[in-house]
Amino acid sequence: MDGSASSERPQPLVIVGAGLAGLSAAVRLCDAGQPIVLVEATGGGGGRSRSFRHPATGLELDNGQHLMMGCYRETLAFLRAIGNDDAVSFQRNLEVDMVRPGGARVRLRCPALPAPLHLAAGLASMRGVGLLHKAAALRAGVMLRHEAARPDDNETCDAWLRRMGQTQGIRSAFWDPLIWAVLNDDPLIASAAMLVAVLERAFLGTRDDSRLGVPRVPLSRLYVDDALEHLRQRGAELRMGQPMRAIEADADGVRAVVLRSGERIETRTVISTVPPQPLLDALPAAARRHPVFADVARLTVSPIINLWLVLDRAPFVDVPFLGLIGSPLHWLFDRSRIEGHDHGQVLLNCTISGARGLVDDRPSTLLELCRSELRRYFPERPVQVRAHKIIKERKATITHAAGTYQLRPATRSPLPGLLLGGDWVRTGLPATIESACQSGHDAAAAVLEDARRQTAFGL
Ligand SMILES: Cc1cc2nc3c(=O)[nH]c(=O)nc-3n(C[C@H](O)[C@H](O)[C@H](O)COP(=O)(O)OP(=O)(O)OC[C@H]3O[C@@H](n4cnc5c(N)ncnc54)[C@H](O)[C@@H]3O)c2cc1C
């Protein structure tokens, strides 16, 4: 990669960050026989997809409810590699229930037809939405196939939906919940090109691609613990709880990763999978001035709030999760039902995406909001909150505002020897689990390609 002499002692490849991007890169490279050192700031890893024991209730809670889709191919490949692909419950076919204030349901059920006919049939038979609105959605589906209908990254979802003639009725029951969920941002500012990237993967491939998947076990058990064990068993060096302070470079590129302890790990190849700010903090000053990294510095973040409630009973009983139409709470997940627990109480997760307007509210205000929304949407089934835990992830994802995709860097950075991973790099996808795993696999593929090239040239 950098032309270093073959007489030098082989140096390990250093992967920084043990979130999904770092873990997927590490597992892929370890399985290919590459010696690696994995450097992670926290003791447990997992980054933004992790779980923890809540002292007050003894429950194992996720930092936030995470949904997958059938089109998460890189994530599923990672889960297969660590033996956990059966720990996610996938729907047989796409089914989504939404509820209006007062309890009326909107129901999307996609039948077992080839894609995208399954979605067309599902939309056409959608319960709780008028004909005019369904026709608008079907029209958008047909128009999506035409080049002129495709948005570029500067068009917002709002502008694009108006251009596609989408009615308020189908927006509130279908488009807006989808946009908040997959882009973690307001349709008024989110990029339509990012939305279309998801629509293509989810709805224009196979029918299975659009199915939703919910983890049956807490996130660290699903993604992290077994990945770390997999790496340990294959001889990887794990440096947990040891933050990177700096990446050192010379005229040829990367030379070393320096830990906060002062220890220097010499290497010519680093895969950094940390979020934008810790990466910028670690870069040599000259590299930070490069236009690619100057763009990275312009990326901003969008928060997610998760409220975990222990209830005396479930506010709904027929489905594992439910979207709320017209509420600041976007989704409710009955975790007790999903995990198959019945302890005489119910663990409910309430998710608020793109929560800029609420993230500074006091926990008591958020709890009251949640209580009153449950009363508003489920007046027939009042519930008692017995315990709660509120998690504000202020930097849940980068903002997918229109015009920001071009700020995201490619896998190969301008600093020789530095490869970039993380859900926020240029994967063609919004910052999601799948983007993180794809970025990790892309970085691993680049390392393996370089190794093959060096071998071919006898270096
Ligand atoms: C509440 C919430 C809900 C979400 N829901 C969904 C969902 O439903 N579906 C979905 O697809 N995605 C969802 N996401 C997004 C998903 O969690 C992320 O896309 C994914 O976890 C990002 O993984 P990553 O490896 O790119 O980054 P991270 O998880 O941020 O990992 C980076 C790692 O680097 C470490 N690190 C940072 N600085 C240093 C340093 N100096 N030295 C060493 N290590 C360092 C961190 O500790 C961390 O472990 C959600 C995110 C949140 C927060």
Side-chain angles (χ1 to χ4, degrees), residues 14-26 37-51 61-69 71-72 74-75 78 88 180-184 198 201-202 212-215 219-220 222-224 227-228 239-247 257-261 270-283 301-308 321 330-331 333 349-355 359 390-398 400 420-425 427 429-440 443:
V14 179
I15 299 174
V16 190
L20 285 171
L23 290 171
S24 55
V37 177
L38 179 62
V39 171
E40 162 61 38
T42 64
R48 284 168 283 149
S49 300
R50 64 182 190 285
S51 43
L61 301 180
D62 295 339
N63 68 316
Q65 173 66 46
H66 280 60
L67 265 183
M68 286 176 64
M69 295 188 84
C71 60
Y72 276 25
E74 302 297 328
T75 311
F78 167 64
V88 180
W180 284 104
V182 301
L183 301 184
N184 190 28
V198 176
R201 290 219 189 185
L212 298 174
V214 192
L219 287 174
S220 291
L222 179 65
Y223 290 122
V224 190
L228 292 174
R239 301 296 204 90
M240 306 302 286
Q242 301 184 37
M244 161 180 76
R245 190 177 70 206
I247 296 169
V257 167
V258 184
L259 305 184
R260 193 179 287 167
S261 61
V270 172
I271 299 178
S272 170
T273 67
V274 304
Q277 197 53 52
L279 170 67
L280 294 170
D281 293 344
L283 284 176
V301 288
S302 181
I304 299 179
I305 301 174
N306 273 264
L307 295 98
W308 289 97
F321 60 91
H330 293 128
W331 295 93
F333 293 83
N349 171 279
C350 316
T351 298
I352 308 176
S353 301
V359 76
I390 297 174
I391 303 168
K392 295 176 178 178
E393 286 277 9
R394 288 178 184 272
K395 299 179 180 175
T397 65
I398 52 165
H400 299 103
L420 300 178
D423 61 351
W424 57 278
V425 308
T427 54
L429 287 173
T432 49
I433 299 168
E434 178 66 358
S435 179
C437 291
Q438 185 181 314
S439 77

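Here, residue 1 is the first one in the sequence, and each next residue gets the next number. Start at 1 and go down the list; that is how both ligands and their atoms are numbered.
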Review point. Is it true that E74 and R201 have a side-chain N and a carboxylate O under 4.0 angstrom from each other?
Key: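 Salt bridge flag = no for R201 with E74.
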Check your understanding: Looking only at side chains, do S439 and T427 share a donor and an acceptor under 3.5 Å apart?
Key ->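 Absent: no donor and acceptor within the cut-off.
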Check your understanding: In chain order, what residues pass the side chain to side chain donor-acceptor pair (under 3.5 Å) check against N306, with sequence neighbours excluded?
Key -> N349, T351
**Study point:** Residues which pass side chain to side chain donor-acceptor pair (under 3.5 Å) with H330, listed by chain and number, not counting sequence neighbours
**Key:**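 Checked H330 against side chain to side chain donor-acceptor pair (under 3.5 Å); zero matches.
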Exercise for review: To the nearest 0.5 Å, tell me how far M68 CE sits from T75 OG1.
Suggested key: 5.0 Å
Practice item. With sequence neighbours left out, write down each residue that passes salt bridge (Lys or Arg N to Asp or Glu O under 4.0 Å) with R260, or none if nothing qualifies. Key: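 R260 satisfies salt bridge (Lys or Arg N to Asp or Glu O under 4.0 Å) with no other residue.
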Review point. Tell me, which residues have any heavy atom less than 4.0 Å from some atom of ligand 1?
Key: V16, G17, A18, G19, L20, A21, V39, E40, A41, T42, G46, G47, R48, S49, N63, G64, Q65, H66, L67, Y72, P243, M244, T273, V274, P275, P278, I304, N306, E393, A396, G422, D423, A431, T432, I433, A436
